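Encoded as C-alpha cells, the structure appears first; notes follow it.
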Protein chains: 2
Amino acid sequence: MTKVGPTLEDVARIAGVSRATVSRVVNGTRNVDPNLQETVRNAIEQTGYTPNHAARSLVTRRTGTVALVISGAGGGSDVFVDPFFGRVTAGVVDFLRTRGVHPVLMLADTDRTRADVVEFLRQGSADGALLVTTHAAESLPERLLAAGVPTVLYARPGRPLPVSYVDLDHQAGGRLAAARLMELGCTTVGAISGPLDVLASQDRLTGFREAMARNGFPYVPVVEGGFTAASGHAAMGRLLVEHPEVDGVFAANDLMAQGAVDVLLEHGLRVPQDVAVVGFDDSAPALACRPPLTTVRQPVEAMAAKMAEVLVTSLEDPEQRPTSVIFEPELVIRASA
Amino acid sequence: MTKVGPTLEDVARIAGVSRATVSRVVNGTRNVDPNLQETVRNAIEQTGYTPNHAARSLVTRRTGTVALVISGAGGGSDVFVDPFFGRVTAGVVDFLRTRGVHPVLMLADTDRTRADVVEFLRQGSADGALLVTTHAAESLPERLLAAGVPTVLYARPGRPLPVSYVDLDHQAGGRLAAARLMELGCTTVGAISGPLDVLASQDRLTGFREAMARNGFPYVPVVEGGFTAASGHAAMGRLLVEHPEVDGVFAANDLMAQGAVDVLLEHGLRVPQDVAVVGFDDSAPALACRPPLTTVRQPVEAMAAKMAEVLVTSLEDPEQRPTSVIFEPELVIRASA
DNA sequence: ACCTCCTTGGAGAGCGCTCTCCAAAGAGTC
DNA sequence: GACTCTTTGGAGAGCGCTCTCCAAGGAGGT
C-alpha cells in the first residue's frame, strides 16, 4: 500500500515544464500558454495526478474543511435522536457542498471533548467552527474566540461576545403560540418549557407568558421538561394533576408536545376539542403525531445554511466584523390546536 | 489574522534543544531525559505551541480523519430526516471519538458528488471511507477500491467485491416478522416492501415470503414503498383496496409502518385487534407511534460502531484481508402486533 | 585501561506544494 | 532600430514537521 501517487514533480517532468507551471495549470492562477496547458493536462491525465491535500494546505494555510461542533449536554451521541440536529446537519451540508467545503462532525459534551475541539482548530485541522450549542453556560465560544478561530454560533452566546451567530426570535415564537391558544378561546393554559438553562427555552417561555399576561392571563403554570417525548409525557402528567381543568398547552418543542398529546389521549381527553396543544419547531414528529401538531415553525435548515454561509464568508474576508441573523418563526396550523 | 502560531523551531530555540528533541517529547517517541523533557514542556507551555496538522500529515501520510459517506438516492440532505442516518452517525461518532479520529460528513447523491468523494480520498484528505449506501447499483465501492482507499461498507456491496462490510441478516428479520404475524393467527397478510433496488429491501421481503410459504401461505401481496411515512401511507391504502380482509401487515421499516397504522386507524380498523402491524428497525418512530410498534430491531448504532472499528483496525494494519460482520435482528414486541 | 554496546541528542534531508522573484521574449512606441 | 512595457516560464526558497543517520558519552565486561 502506502499509496505514494504521482507528484507535481512527476507531471512536470513528463510535460517537460517546471513544477510552477503545472501548479499554475492545476490552480488556474495566472496565464499559461494554451498549448502548454494542453501538454500539462495530458501529463496529468496520463499520470492520474491528484494534488496532495496536506502539502497544499501546509502552504496555503487553508484546509477546506470546517468543524461542525454539536455541544449537547446529554451523553454524547444521544443528540442525534433529536431531529433538530439532523436538520442542522442537513442545512449545513447543503450549503457547504455548494462551496466545496467539508464539515467535520464533532461532539462536545465533556471537558475532554471540548478541549479536543479547541485543539483540533488550533492545529489548523479546520478553517473555522460552526457551533451548535444549547446551553447558555457553554465555554466553547469564548475559548474559540480566544484562540482566534473563526466561529459562528447557532443561537446567541450566553454572555455577550463579539462573535457571529444566527438565531430565531424565540420570544416571538412563544407569542405566536399564546395567540393561537387564546384565539381558540382557551382559558386555562399551561406550558411545558424546555430546560431552563437553555436560552431558547427561556425566551420561548418569556414570549409566551408576556403575550398571555398582556391579554389578561397573569399566571401560567409551567412545568420544566427536557426536550424529549418522555419528559413531555411526564410534564403533562403533572400539569394534569395540578390543573385538571387545563384546556390549552404550549410545549416548547414538538417531541414534548407529542408526549403531552399521548398523556391527554390516555386520559380520555380529546385534542384539540378538550385540550389544544401547540408545539414548537415543526420537525418530523409534528407531522407524524396524531393529531398532527399545530406548531411554531423554526426554519432550522435555512438557519443552519445561513450559519455556514456566514462562516464561509468570514473565512474569505477575515477582517469582517461579526454579524447576527435573526429568523422569524411562523405559526403552522394543523389539527392539534 | 493569519494566525502563524509558534512552531517546533520556536519551542526548540527557547528550550535550547533541537527540533528533533521537541518532536520526540511531543510524540512520545524514544526516550528523552526527564529533565530535558521538563524543559521542553515548559517551553511548550510558555509558547502555547500546537503542532501543525498539515505539516505533520504531510510527512506521516495520515490525517486522523475518515470520510463518512452517505449515499442516498434522494435529493441530498433529505436523508437526515430518516432517523436511520442519525443512528449511523451516532454509532460512528461514538466509536471514533474514543480513537481520536474525526469523521468528515459527505453526501454522495450525484455523479458530481460521487466524484468529489473519490477526489477527496485520493488527495489524502482522509485516511479511509465509511460508506453507507443503500442502493445495490452504487458505484462508489469499486471506485474507492480501485483508488486504493481503505473502505468499509454498511450493507454488502451490490456485486461481490473484496471489501469489508457490516450488515444485518435481513432475511432473518423478515422471518421474524412473519413468525410473529402467524403466531397471532393472521390469515391474510400483506407486505409493504422498501425500494426494491435496495438489497436490504429485497432480503427482508425474501425472508418474509419464505417463512410465510413454509407455513402454508404461498402468496403474499406486496406493495413497494419508499421507506418514508408517506409512502407507507399510500402503500397501505392500496393494500386495503385490493385486500380489504387483510389482518396482518409487515412494513419494511418503522416509518412506513407508522404510515400504515395511520391509514388503518383512519379506516376505523383497530391495531392490532383488526390488523396487526410489524415494522422494521426499531427506531424512534416505533416508540412514538400509537400504538407503539412491534418491530424487528436492527442495532444500527452497534453496526455503525463496528463499521468504524473495522476501518480503524484496517488502517492500523493495511495488509489485512477484508472482513464482514453480520448482525442478527431481534423481534421487539410492543402493542401493534 | 581498553573495547564494545547501549542510550540519547543533534543535524539535516526530505514530504509535495505554492509563490515570489527573475529572466527572456514578444509587443508597442517614437 | 533602440527603448520601455507586458506577458509568461523557470528557479528556488520555504511551509512545519518527522525520521534516519550519526556522534557523543556512559555503562559494563574482561
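Excluded from the calculations below are hydrogen atoms, water molecules and symmetry mates; all remaining heavy atoms, backbone and side chain alike, are included. By convention in this document, chain letters (A, B, ...) are assigned in the order of the sequence lines, proteins followed by strands, and residues within each chain are numbered from 1. Just so we're clear, the structure is a prediction, and the values are computed from it rather than from any experiment.
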**Study point:** Centroid-centroid distance, B:Tyr154 to B:Phe84, less than 6.0 Å
**Key:** yes

Review point. Does any non-hydrogen side-chain atom of B:Arg114 lie less than 4.5 Å from one of B:Ser139?
Key: yes

Exercise for review: For DNA chain D, find the residues of residues 15-28 of chain B with a heavy-atom distance under 4.0 Å and give them by number; none if there aren't any.
Suggested key: B:Arg19, B:Ala20, B:Ser23, B:Arg24, B:Asn27

Review point. Roughly how many Å is it from CG in A:Leu36 to C1' in C:dA25, rounded to a whole number?
Key: 14 Å

Review point. So, does B:Thr98 use its side chain to make a donor-acceptor pair with the main chain of B:Asp94 at under 3.5 Å?
Key: no

Check your understanding: What do you reckon, is CD of B:Glu45 surrounded by more than 12 foreign heavy atoms closer than 6.0 Å?
Key -> no

**Study point:** Nucleic acid contacts - residues 44-54 of chain B versus DNA chain C, non-hydrogen atoms under 4.0 Å
**Key:** none

Review point. Axis-to-axis angle across the helix from C:dA1-D:dT30 to C:dC30-D:dG1, five pairs an end, to 10 degrees?
Key: 40°

Check your understanding: Can you tell me how far P of C:dA13 sits from CG of B:Leu58, to the nearest Å?
Key -> 17 Å

Exercise for review: Starting from P on C:dG9, measure out to CD on B:Glu38 and report it in whole angstrom.
Suggested key: 14 Å

Check your understanding: When the distance from CZ of A:Arg13 to C1' of D:dG10 is rounded to whole Å, what number comes out?
Key -> 16 Å

**Study point:** Residue B:Ala55, side-chain heavy atoms: nucleotide from C:dG9, D:dG9, D:dG16 that is nearest
**Key:** D:dG16

Revision key, fill the gap. The side-chain contact (heavy atoms from CB on, under 4.5 Å) partner of B:Val310 among B:Val152, B:Leu153, B:Leu315, B:Leu130 is B:Val152

Review point. Would you find a donor on one side and an acceptor on the other, under 3.5 Å apart, between the side chain of B:Asp197 and the backbone of B:His135?
Key: no

Check your understanding: Quick one: do the B:Ser71 and B:Glu138 side chains pair a donor with an acceptor below 3.5 Å?
Key -> yes

**Study point:** Flag, side chain of A:Thr21 to backbone of A:Val17, donor-acceptor distance under 3.5 Å
**Key:** no

Point to revise | Note: B:Arg97-A:Asp109 ion pair, threshold 4.0 Å (strictly below) | key: yes

Exercise for review: Check for a donor-acceptor pair, side chain of B:Asn27 on one end and backbone N or O of B:Thr29 on the other, with a separation under 3.5 Å.
Suggested key: no

Check your understanding: Do side-chain atoms of A:Arg122 reach the backbone of B:Gly48 as a donor and acceptor pair under 3.5 angstrom?
Key -> yes

Check your understanding: Rounded to the nearest Å, what distance is computed from the CD atom of residue A:Glu9 to the P atom of nucleotide D:dA11?
Key -> 11 Å

Check your understanding: Can you check the B:Asp33 CG to C:dT7 C1' distance for me, whole Å?
Key -> 11 Å

**Study point:** Residue B:Arg56, side-chain atoms from C-beta onward, closest of D:dG16, C:dC19, D:dT18
**Key:** D:dT18

Check your understanding: Once you round it to whole Å, what is the distance between C1' of C:dG10 and CG of B:Leu8?
Key -> 14 Å

Exercise for review: Quickly work out the A:Gln37 CD to D:dG9 C1' distance and round it to whole Å.
Suggested key: 13 Å

